[in-house]
Amino acid sequence: MASINVDKMSLKELRDLQGKVEKAITAARQRERAAALKKAEAAAASAGFSLSELLGGRGRGRGKSKSAAKYANPDNPSDTWTGRGRKPNWLNSKLSKGAKLQDFAI
């Protein structure tokens, strides 16, 4: 590898060099990450597992959990409501006509 004398470089040349170095670092990190992933997959496979099985198949962070429907529209059973958030229009119209919330419980 050639030696670079940074003391004799202009500011523009130094900034160009800095950009090239940053790109090279990013590429090297990606290569090392891919190699580490390959090693981890091989280790998991040798134990009879996939890597996703060992890691639980979870992504990053917590996702929203899906709540089960508690109320359904008797006219259209595919219209449901979990009891959380704003009441759907079909439920509001039925409640305004004198129906009770318990009438729509699943």
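Below, each value reflects all heavy atoms present in this structure, side chains not excepted, and no hydrogens, waters or symmetry copies.
A continuous path of Ile, Leu, Val, Met, Phe, Trp and Tyr side chains, each step under 4.5 Å between heavy atoms, connects Leu14 with Val21, placing both in one hydrophobic cluster. Clustering ILVMFWY residues whenever any of their side-chain heavy atoms sit less than 4.5 angstrom apart, transitively, puts Leu11 in a cluster other than the one holding Ile4. Put simply, Trp90 and Ile106 are part of two different groups of oily side chains (I, L, V, M, F, W, Y) that touch within less than 4.5 Å, one to the next.
Ion pairing between a basic and an acidic side chain is recognised when a charged N comes within 4.0 Å of a carboxylate O; Lys12 and Asp16 show such pairing. Lys94 has a carboxylate O that lies under 4.0 Å from a charged side-chain N of Asp75, or vice versa, which qualifies the two as a salt bridge.
Across every non-hydrogen atom of Gly48 and Glu53, the tightest pair is O-OE1, 4.4 Å. Heavy-atom minimum distance, Lys8 versus Glu13: O-OE1, 4.5 Å. Counting all heavy atoms, side chain and backbone alike, Trp81 lies closest to Arg86 at NE1-O, 3.2 Å. Taking both residues in full, the closest heavy atoms of Ala69 and Thr80 are given as CB-CB, 3.6 Å, listed atom of the first, atom of the second, then distance. Contact between Ser50 and Ala44 at its shortest, heavy atoms only, is C-CB, 4.1 Å.
Counting heavy atoms from C-beta outward, Leu101 and Leu91 have side chains that approach closer than 4.5 Å.
One finds the CG atom of Asn73 at 11.0 Å from the CG atom of Asn89 (value rounded to the nearest 0.5 Å). Here Thr26 contributes atom OG1 and Lys23 contributes atom NZ; the two are 9.5 Å apart, rounded to the nearest 0.5 Å.
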